[in-house]
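Residues: numbered from 1 along the sequence shown.
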Amino acid sequence: MKFKKKKLSFLVCGHLIGAITTPTFANDEISTKLNTIIVSAKAPVNETTFAGSVTVISADEIAASGASNLTDVLSTATSVQLVSTGRNPSPAPQIRGLDAEQTLILVNGKRIPNTDRTVPSSPAYRYGLVPLANIEKIEIIRGPASSLYGADALAGVINIITKKATSDWSGSISFYDEKTDGTNSKGGHGVSLSTSGSLGENADLLVSVESSDTDPILDDNNLGSLQSGREVENFQVDLGIDLASNDRLEFGVLSSDEEGTQFNSSGVESDSTDVSNKIFTLEYFTELAGFDTSFSGVSGKAEVLEGTKVWTVDENDLSIDSQGRLNESNYLSVGINYRTEEAERDDTTTFNDKINATTLFVQDVVKISNSSDITIGLALDNHSKYGSEASPKLSWVTQITPILGVKAGYGESYLAPSLSQGSSAYVVSAGPTRQYIGNDDLKPETAKTAEFGFTFQQKNSTGAITVFRSEVDDLITTVETVSGSLTTAEYNNVNSSVLQGLEVTWSLFNDSQSRKLNLSYTYLDTEDKSTGKELTNRADHLAKANYFHKSVFAGFDMDAAARYVGDQFTNTNNTEVIDAYFVADLGISKKTSEETTIRFGINNLTDKVVSNSSDDLLESGRSYKLSLTSNF
């Protein structure tokens, strides 16, 4: 089969624009190669030339790490701290200390419904949608991205990019079994299957399924849950049809069902959840006036059952994206997105509300010299409830020498209130003496972020040092009033905060990439401007190391990971603290045949157990994991 997939740099085949290179220096020994296009940037840039801070985690790194789910993978990323969430506590990622729900989650550049913001109690329902075996890479933008993606990208973007079908039929199947040590849990197990190939001359198909089951971790009395049990089933189908040399049509279905189970202190099942996500995509790729262009439609629906709470969240998107070179000095990206969101709750509380929003964005990467680019971006959002917002971005990237580069940038971003927060029709009883109500007068949360840094690149190493500062205004929280025996908690814009710090990243690798060491360190300083106190559940120091070594001995490969999490306050008065701790993992793997690999790993070697003030586990202790992957 001969595929005629578009040359669309960031939507279909990013590697095809590898001819667009970063600055090179004549007569110098070191030349910079563009080896990893940042799809999320909507411009021909790599990690070094991206107008901001970004981490790319490849499929090879995911496979070598032995990760079981997406949050396992995200835990290795720079400036990402996993925190426990509300109901059925499960980990969710904070980027640079900003709340997890302030990050936009994309799958192949397409938004998924933000149930974590719409459904109260800060759940984490957006991280189990994509079968892990079908992820090609994950791009994590740290810092404002509203200039490209509009609302929800206040803290940054996590873009999960899935694999594309190959011309010849191939696939893989994986199994894993994990046992815990010293905790009241049996562990977990899972299986995944992925296959793809051609359907005749002009079509291709990819199918991927995944199922996992993790037992709850119970307290010392073997009764109450310290960590929820989870059953997750994922299903993904992508069908592509080549219509002409530059035209392609793609259909996609993504389905995920997740059940979570907790037990109270009496050993009785409580606070169970059942979350169903279904996302349908239709996308047409073509070329218009020399610009790579896509027309896409996405329909997403999430159904959430939390105990007795029944939620339905719908999000539908229509988008046009176009990008290409105006001339030798300007690479232009433009687009428009129309989005509708609707949330409905139908149980003891009846609630329904919906909004629509239109985002128009434009970005120009201007080459001002052979070694310097300026990126100018602007998004204009028109929200049916909150009016218009402008999100500008300006950044400068220059290569001073073949080794040393400089980045500087400023960007603004915003996040509209959720449908429940922003409606006075949302009134929820939390018992006979307490209720929560929405507020029609809320304003969007906004952030202004500046960063400056140096980049370093040599033949076998790359690195960066970056300082950043974000001022976040109109943060939404509840304000309580008491009338008789009834306490009312109403959503209000009351807080402003500052989050600033330092990031250091470094990667070292050999010529064949058979050995690689990734290092990162983040110092984070936060302040609640209304109290002068530090924000809670944010570690002041976060250090990580990940090492991969192929054929370390007797045909065995080795992977190792370590992370240091600094002190973090757990209450607003800053009187209660989780002390700093260190966790390390180790794994070895070996090919038992040309197509089959077996891996054994020990997570949390020192059996460190850490919980927060609500007794939710942040680190659950040592576990042993055996996995097998076979390609066909």
Side-chain angles (χ1 to χ4, degrees), residues 5 10-16 18 34-40 46-47 54-78 80 105-109 127-141 157-176 190-197 204 206-210 212 234 236 238 252 254 507 509 512-518 546-550 557-559 561 585 587 589 591 594-599 601 625 627-632:
K5 292 185 180 179
F10 316 107
L11 300 172
V12 184
C13 294
H15 63 279
L16 293 183
L34 188 62
N35 53 13
T36 304
I37 296 296
I38 304 301
V39 176
S40 310
N46 63 3
E47 291 182 67
V54 64
T55 296
V56 179
I57 303 174
S58 69
D60 288 343
E61 290 174 316
I62 294 172
S65 71
S68 301
N69 51 59
L70 179 62
T71 51
D72 285 349
V73 179
L74 296 176
S75 68
T76 67
T78 303
V80 173
I105 308 296
L106 306 173
V107 176
N108 294 325
Y127 307 101
L129 275 72
V130 180
L132 202 61
N134 199 37
I135 296 177
E136 178 64 29
K137 63 176 179 175
I138 301 169
E139 296 178 351
I140 305 168
I141 295 177
V157 170
I158 298 174
N159 191 5
I160 304 163
I161 300 164
T162 61
K163 297 177 181 178
K164 298 297 180 182
T166 55
S167 56
D168 297 322
W169 278 95
S170 62
S172 67
I173 185 168
S174 298
F175 306 88
Y176 80 84
V191 59
S192 64
L193 171 67
S194 181
T195 184
S196 68
D204 53 87
L206 181 146
V207 179
S208 185
V209 295
E210 181 180 68
S212 64
N234 296 325
Q236 181 176 0
D238 290 322
L254 193 62
S507 292
F509 42 87
S512 65
Q513 297 280 326
S514 63
R515 297 193 303 273
K516 185 175 184 180
L517 175 64
N518 295 326
N546 298 278
Y547 180 62
F548 307 97
H549 192 148
K550 294 182 179 179
D557 301 337
M558 183 185 77
D559 62 273
D585 309 324
S589 58
K591 280 192 171 183
E594 186 64 26
E595 303 297 338
T596 302
T597 300
I598 189 168
R599 178 186 181 276
K625 184 177 179 182
S627 59
L628 182 145
T629 299
S630 183
N631 300 315
F632 56 88

* Looking at Tyr127 and Leu74, what are the two nearest heavy atoms and their distance? -> CD2-CD1, 4.4 Å
* Atom of Leu206, atom of Lys164 and distance for their closest heavy-atom approach -> CD1-C, 4.1 Å
* **CD1 on Ile141 to CD on Glu139, rounded to 0.5 Å** => 7.0 Å
* Quick one: pull up CG in Leu193 and OG in Ser630 and give me the separation to the nearest 0.5 Å. => 11.0 Å
* Looking at side-chain heavy atoms only, is the closest gap between Ser68 and Lys625 below 4.5 Å? -> yes
* Are a donor atom and an acceptor atom from the side chains of Ser58 and Asp60 found within less than 3.5 Å of each other? -> no
* Structure fact -> Tightest non-hydrogen contact, residues Ser212 and Tyr176, listed as CB-OH, 3.7 Å
* Asked: At their closest point, which heavy atom of Val39 faces which heavy atom of Asn159, and how far apart are they?
  -> CG1-ND2, 4.4 Å
* Structure fact -> Between the CZ atom in Phe175 and the OG atom in Ser192, the distance rounded to the nearest 0.5 Å is 8.5 Å
* Asked: Can you find a side-chain donor-acceptor pair between Asp238 and Gln236 that sits under 3.5 Å?
  -> yes
* Can you check whether Gly171's main-chain N or O pairs, donor with acceptor, with Ser194's side chain at less than 3.5 Å? -> no
* With sequence neighbours excluded, what pairs up with Asn546 under the side chain to side chain contact (heavy atoms under 4.5 Å, CB included) test? -> Thr76, Asn518, Phe548, Ala561
* Nearest atoms (heavy-atom pairs only) where Lys591 meets Thr597 -> CG-OG1, 3.5 Å
* To do: Determine the minimum heavy-atom distance between Asn69 and Asp72, stating which atoms define it.
  => OD1-N, 2.9 Å
* **Side-chain donor-acceptor pair present, Asn134, Thr162, cut-off under 3.5 Å** => no
* Any chance NZ of Lys163 has more than 12 other-residue heavy atoms, nucleotides or ligands included, within less than 6.0 Å? -> yes
* Asked: CG/Asn108 to CD1/Ile135 distance, rounded to the nearest 0.5 angstrom?
  -> 10.0 Å
* Structure fact -> Separation between CD (Glu136) and CD1 (Ile62), nearest 0.5 Å, reads 9.0 Å
* To do: Check for a donor-acceptor pair, side chain of Asp204 on one end and backbone N or O of Ser196 on the other, with a separation under 3.5 Å.
  => no
* To do: Could you tell me the separation between the CD1 atom of Ile105 and the CD1 atom of Ile158, rounded to the nearest 0.5 Å?
  => 4.0 Å
* Donor-acceptor pair, Arg599 side chain versus Ser65 backbone, under 3.5 Å? -> yes
